[in-house]
Number of protein chains: 2
Amino acid sequence: MTTASKPRTAARAAAKIPMRDFSQSLPMSLLRTRESVMRHFRPSLRAHDLTEQQWRILRALAASGEIEVTELARVAFLLGPSLSRILRDLEGRKLIERRLLKADLRRSIVSITSKGLKLIEAVAPTSEAIYAEMTKRFGARKLSDLQALLHELEAALLAMPAADGAEDDDAGE
Amino acid sequence: MTTASKPRTAARAAAKIPMRDFSQSLPMSLLRTRESVMRHFRPSLRAHDLTEQQWRILRALAASGEIEVTELARVAFLLGPSLSRILRDLEGRKLIERRLLKADLRRSIVSITSKGLKLIEAVAPTSEAIYAEMTKRFGARKLSDLQALLHELEAALLAMPAADGAEDDDAGE
DNA sequence: CGCAACAACTTAACATGTTAATCGGTTTTC
DNA sequence: GAAAACCGATTAACATGTTAAGTTGTTGCG
């Protein structure tokens, strides 16, 4: 039995609910692991007055050149409202620029400025060094195995239908 | 060619910075995968007026019986300020209780109420069913492989010294 | 004892996550 | 071609993430 470690406290409040050990749940594992990664990058970003999300946007813009807001949200994995706020801030700091698309005035095109590019060039070496150290410590092979499993899981779950909140054993509605 | 789609815009702004493809970075992979998992759990939690973090706290309390705030922050993986706010809310909803520790009035002990337990019992079956479906689709073996790699990476990174934001090629201070 | 150092929260302040509502702009439909 | 339906982006409102500062209680030391 690998899953038999029971709560060791006296209360045992939820004895009737033998859920998997909480700290072993997949969302918690992913969260903890991601935090253990980001913990190493944050100091460097912070030294350049960048949050993790701002950095994601600048990286995405540097790779894409010009890009529409919706597409930027997709590649930087941010929701629209967050992106709106961050773009407003980055534009104020002259790290990015925006222009309206003449063909459709609802859309706007975002691009990185030369000042933004310089910032990336200042941060990237440290980031790359940290990433290299991580790869060295964990092992390049295991890292790519992990990446592959993450991708496979993501694909499997995207194919899984999303259950809404309705319960069929409860007539309350 | 599966990974060869290069930026198709004219700008190619960051040609000089050949960083790994942004969307393949480890933090992004972990974030996307975690979101693909949580996407399936959120509707059920939302149907019971619970956020992901509130659910983590209730789960942790159900497993632990009574626990101090600091320890709860550790097992639920929340920072102190977030936990303070959430506990205030959950206490107002009578899902948890708090009492001061007589031996040290700075500390308080948190426990789940019977109302909180009933809520867990209402949500747990759906959560377990979703988790079971995920395991079935992804494969139990691959899931445990993934968990193992996540743990190993976390351990490797905890052992890696945290670099501060200081750069040695810049005397600005 | 009295006070400095420390410890456990808690608050404060600001950035982001998340859902709903809003607001121009565009397309569809009659 | 104007109202309706739709769409991209932003704003609103509230919860959480994150760092710094504050509050109260405890401990160590003279």
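Basis for what follows: all heavy atoms, side chains included, without hydrogens, waters or symmetry-related copies.
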Donor-acceptor pairs are to be reported for all side-chain atoms of residues 134-141 of chain A against protein atoms at under 3.5 Å, with residues two or more places apart or in another chain.
from, atom 1, to, atom 2, distance (Å)
A/T135, OG1, A/Y131, O, 2.9
A/R137, NE, A/E133, OE2, 2.6

Name every donor-acceptor pair, under 3.5 Å, that has one atom in a side chain of residues 86-93 of chain B and the other anywhere in the protein, sequence neighbours excluded.
from, atom 1, to, atom 2, distance (Å)
B/D89, OD2, B/Q54, NE2, 3.4
B/D89, OD2, B/R93, NH1, 3.1
B/E91, OE1, B/R98, NE, 3.3
B/E91, OE1, B/R98, NH2, 2.9
B/R93, NH1, B/Q54, OE1, 3.4
B/R93, NH2, B/D49, O, 2.6

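As rounded to whole Å, 18 Å separates atom C1' of C/dG25 from atom NZ of A/K102. Here the P atom of nucleotide D/dG8 and the CD1 atom of A/I67 are 15 Å apart, to the nearest Å. For the pair A/R106 CZ and C/dT26 C1', the computed distance is 4 Å after rounding to whole Å. Atom pair B/L72:CG and C/dT10:C1' shows a separation of 15 Å (rounding to whole Å applied). Spacing between atom CG of B/L105 and atom P of C/dC9 amounts to 12 Å, rounded to whole angstrom units. Put simply, CG on A/L101 is 14 Å from C1' on D/dC7, counting in whole angstrom units.
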Protein heavy-atom contacts under 4.0 Å, written 5' to 3' over nucleotides 10-21 of chain D as B (base), S (sugar-phosphate only) or - (none), form the string BBBB-SBBBBB-

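A search for side-chain contact (heavy atoms from CB on, under 4.5 Å) contacts involving B/K115 returns B/K94, B/L95, B/T113, not counting sequence neighbours. Residues passing the side-chain contact (heavy atoms from CB on, under 4.5 Å) test with B/R42, sequence neighbours excluded: B/E35, B/M38, B/E52. For B/R107, the side-chain contact (heavy atoms from CB on, under 4.5 Å) partners at least two apart in sequence or on another chain are B/E68, B/L101, B/D104.
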### Message
Applying side-chain hydrogen bond (donor to acceptor under 3.5 Å, both in side chains) to A/E154 and B/S36, what does each step give before you reach the verdict?
### Response
CA-CA 6 Å; A/E154 190 185 346; B/S36 73; 5.8 Å; no

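Between A/E68 and B/D104, the residue anchored nearer the 5' end of DNA chain D, judged by the nucleotide with its closest heavy atom, is A/E68.
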